[in-house]
Structure formats: structure tokens, C-alpha cells
Colleague: 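Please find one structure pasted underneath; my questions will follow.
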Amino acid sequence: MKLTEFPAPDFDLTMTLDSGQVFHWEKVDNGFVGVIGDRAFCVEQRGEMLRALLEGGAPATPGTRHANGAGSQELAPPVMQLVTDYFALDHPLAEICASFPDDPVMNAARDFCRGLRIIRQPKWECLATFICSSMKQVAHIRQISAALRKRFGDPRKIDNHVIHTFPPAERIARASETELRECALGYRAKNLRATAQLVSSGECNLEGWSALPNGDLRKNLCELPGVGAKIANCVMLFAYERLRAFPIDVWMERVLKQQYFRRARKLSASRLRGFSETYFGEHGGYAQQYLFHHARATSRKSGVSRNSSVHRAL
DNA sequence: ATACAGGCTCGCC
DNA sequence: GGCGAGCCTGTA
């Protein structure tokens with residue numbers, strides 16, 4: 001066990017993990033347990049300090065990606081760096097927030113979501129999880145993620161908890177559709193499996209796509225089975241650090257229509273998209289995440305059903 | 001109970 | 001290129 005503690009200013013761990021961008025972190029006593037890559041962590045925040053407890057047992061063993069040539073083995077990156085990268089503690093949050101448009105809706109979301117960061121997720125894990133997310137509520141996405149991990153991933157022990165790594169594409173690719181359906185994937189099983197096969201065969205090189213401009217990256221993602229514009233934008237934002245990508249789901253559609261197009265009688269999807277791509281600026285993805293989380297969190301807290309809140313707004 | 005979820009895809013117009 | 005229906009399954 002290795003404990004590291006360091007300052008993480010302008011960061012809200014709970015809000016970040018609860019904002020619908022990542023689905024596997026589990027709340028424990030004072031923090032959360034989860035995996036970053038293939039290593040288990042327990043992370044907890046006290047004020048501006050972040051404490052990270054790394055799994056005990058065999059650490060990143062030789063032969064993994066940190067191994068460096070024949071004899072010399074490079075040290076795994078220090079815990080602080082791993083955590084900093086994952087939670088994107090290096091994002092200039094003040095600048096990002098300052099780039100948002102100055103309007104009442106955006107300002108309220110910005111104040112509410114102070115410290116919320118868009119994290120850097122592993123590409124395959126993010127893609128696979130969002131393929132499973134279509135027409136699903138957050139609670140259910142978490143269940144699916146857990147089921148896939150438990151069945152096909154590797155167990156890790158951390159602080160008296162057992163969690164599982166996310167299975168690599170190769171593992172999902174050789175699972176049967178039936179096995180995947182047993183993880184409650186429903187019709188998504190076929191898509192997840194087909195995409196896993198494209199990725200594991202090397203036909204689609206997710207890492208290599210990092211070099212592509214936004215348009216090409218989105219196009220490639222949308223050619224994967226089960227990936228449309230919404231999921232492609234999620235993956236671009238949460239795994240490729242394309243901070244301008246603006247996923248529009250039913251929540252965002254509601255927010256945009258009610259807050260920015262209240263008087264428009266009919267509104268095409270493409271007009272909504274055009275607006276969201278320009279109005280929110282170079283960090284539109286961050287703006288989207290803030291609007292999204294604010295809308296969801298306030299709706300949950302007020303206990304008002306979405307339908308009735310819609311009716312009230314009209 | 002039963003409508004409906006943080007969509008994608010296809011067939012139709 | 002827009003619109004509607006079907007797809008699985010758990011939750012409210």
C-alpha cells in the first residue's frame with residue numbers, strides 16, 4: 001500500500017465522479033475506489049488535499065507498458081502524476097470557465113459546478129462504456145459496467161475492497177453475444193462485440209486516432225457499430241480531450257430548448273447542433289458538462305419529476 | 001403496473 | 001435529410 005497526498009486546488013472529486021462521465025467509481029467510507037488504467041486506487045479529498053491510496057501487492061510488473069527495453073526497467077510514473085493526469089488537474093479551470101458565454105443559465109451552472117473537471121479516460125474503456133449507455137439511465141450504466149468488469153476483467157484488491165479492471169477489447173471480442181447479454185446489455189451486446197472485434201483486430205487503432213483532427217476522428221468513431229453522433233462526442237470529450245465536443249442527449253436538448261430557444265416553435269436538430277457548436281466557444285464540452293450536471297443535480301434535489309418541471313417551464 | 005430512459009439504425013417519405 | 005419505429009432491460 002502506498003499513500004500519497006498532494007494539493008488539488010479547484011477540484012471537486014465527488015462532483016467530478018458524479019457528473020455522468022465515468023461510471024465505475026464506488027463510494028466508500030470517505031472517498032472512492034476505482035481503477036485508473038489497470039491499477040486500483042482509493043481516492044479521497046479533504047479540503048484542497050487529495051489523498052490517493054494505491055493498491056498493494058504486485059505493482060505494475062515488468063513487462064507492462066512501463067518496461068523499457070531489455071535490461072533497464074523504467075519506474076512506473078509516480079502516483080501523483082497518474083492521478084493528476086486522470087483527473088485532469090492540469091486543466092486551467094479558471095481560464096476554461098472564463099471562456100464560457102456570459103448568460104444567466106451558463107453563469108448559474110458555472111457557479112454550481114465549481115471544481116468539476118473533465119477527466120482523461122482510457123479510450124477503449126470510455127468507448128465501450130458509452131456504447132452500453134444508449135437509452136440507459138446512469139444507475140443502469142453503472143450496473144452494466146460493473147457486470148462487464150466482474151465477468152471479464154481482472155480483480156484488484158484495494159483497502160479491503162475488490163474491484164475489477166475494465167476488460168480489454170480482445171477479451172470482449174472473444175466473448176459470445178449471449179455472454180454479453182447476460183451482463184444486461186440487451187441489443188447493445190451485438191454492437192459492443194462488433195466494435196471490440198474491430199479494435200482488437202487492429203483494424204481500428206483508437207490510440208492512433210489521437211492524431212486526427214476533430215472531423216476525421218468523429219467520422220471514424222461514427223463508423224463503429226453502435227456509435228452515433230452523441231456517443232462519438234462523449235468519447236471525443238472524455239477520452240480524446242477534445243474539449244469542444246458537445247454531446248447532445250435528451251437532457252441537453254431539454255436545457256437548450258428551454259433556456260436558449262424558449263420561443264422557437266419548431267427547432268431542427270441540426271439548428272440546435274449548429275448553435276451548440278459555436279455559441280459555447282472553444283471549451284464547449286466543459287460548458288455542456290456543467291449545464292448537464294447542473295440540470296440533473298437540481299432536478300434530483302428538488303424531487304420534481306422531469307415531466308412536471310418541463311410543464312412548469314412551459 | 002407500465003411508461004420511459006443520457007440512442008442507433010433502418011426504412012420510409 | 002427529416003421522421004418514426006424497433007430494439008433490451010431496469011427503474012420510477
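Residue numbering restarts at 1 for every chain, and letters A, B, ... go by the order of the sequence lines.
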Colleague: Whole angstroms only, please: what is the CZ-C1' distance between A:F130 and B:dG6?
Modeller: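 Answer to the nearest Å: 8 Å.
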
Colleague: For the pair made of CD in A:Q288 and C1' in B:dG6, what is the distance, rounded to whole Å?
Modeller: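 It works out to 10 Å between those atoms.
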
Colleague: What integer distance in Å separates A:N191:CG from C:dT9:P?
Modeller: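 It is 14 Å, rounded to the nearest whole Å.
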
Colleague: Heavy atoms only, 4.0 Å cut-off, all strands: where does A:G20 land among base, sugar-phosphate and nothing?
Modeller: base

Colleague: In this structure, how many angstroms lie between the C1' atom of C:dA12 and the NE2 atom of A:H140, rounded?
Modeller: 14 Å

Colleague: Please step through side chain to side chain donor-acceptor pair (under 3.5 Å) for the pair A:S276 and A:Y260, ending with a clear verdict.
Modeller: CA-CA 10 Å; A:S276 66; A:Y260 294 100; over 6 Å; no

Colleague: Report the residue (A:K136 or A:C222) whose heavy-atom-nearest nucleotide on DNA chain B is the more 5′ of the two.
Modeller: A:K136

Colleague: Between B:dC4 and C:dA5, how many Å separate the two P atoms, rounded to a whole number?
Modeller: 13 Å

Colleague: For the residue pair A:R273 and A:F246, establish whether any side-chain heavy-atom pair is separated by less than 4.5 Å.
Modeller: no

Colleague: What nucleotide, of B:dC8, B:dG6, C:dG10, holds the atom closest to the side chain of A:A184?
Modeller: C:dG10

Colleague: A:L224 near the nucleic acid: base, sugar-phosphate alone, or nothing, with a heavy-atom cut-off under 4.0 Å?
Modeller: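 Sugar-phosphate contact only - A:L224 comes under 4.0 Å of backbone atoms but never of a base.
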
Colleague: Now, which nucleotide makes the Watson-Crick or G-U wobble pair with C:dC8, with each of the two distances under 3.5 Å?
Modeller: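 Per the H-bond distance test, none.
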
Colleague: CD1 of A:I131 versus P of B:dT9: gap in Å, rounded?
Modeller: 9 Å

Colleague: Hey, are A:R174 and A:E170 close enough for a salt bridge, meaning a charged N less than 4.0 Å from a carboxylate O?
Modeller: no

Colleague: In whole Å, what is the span from the CZ atom of A:R142 to the P atom of C:dT9?
Modeller: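 So the two atoms are 22 Å apart, to the nearest Å.
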
Colleague: For C:dT11, does OP1 or OP2 lie under 4.0 Å from any side-chain N or O of A:Q143?
Modeller: yes

Colleague: Measure from the side-chain heavy atoms of A:R296 and tell me the nearest of C:dC8, B:dG6, C:dG10.
Modeller: B:dG6

Colleague: Any ion pair linking A:R117 and A:D12 (charged N to carboxylate O, less than 4.0 Å)?
Modeller: no

Colleague: Do A:R120 and A:D90 meet the salt-bridge criterion of a basic N to acidic O distance under 4.0 Å?
Modeller: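 Between A:R120 and A:D90 there is a salt bridge, with a charged N closer than 4.0 Å to a carboxylate O.
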
Colleague: Quote, to the nearest angstrom, the P distance that separates C:dC8 from B:dT2.
Modeller: 22 Å

Colleague: Can you tell me how far P of B:dC4 sits from CE of A:M135, to the nearest Å?
Modeller: 10 Å

Colleague: Please determine whether any donor N or O and acceptor N or O are separated by less than 3.5 Å between the side chain of A:R188 and the base of C:dC8.
Modeller: yes

Colleague: With sugar-phosphate meaning primed atoms plus P, OP1 and OP2, does A:V138 contact a base, only sugar-phosphate, or nothing at under 4.0 Å between heavy atoms?
Modeller: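 Base, at least one base heavy atom under 4.0 Å.
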
Colleague: Within this structure, what is the CG-to-P distance between A:L192 and C:dC8, rounded to whole angstrom?
Modeller: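 Taking atom P of C:dC8 as the reference, CG of A:L192 is at 15 Å.
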
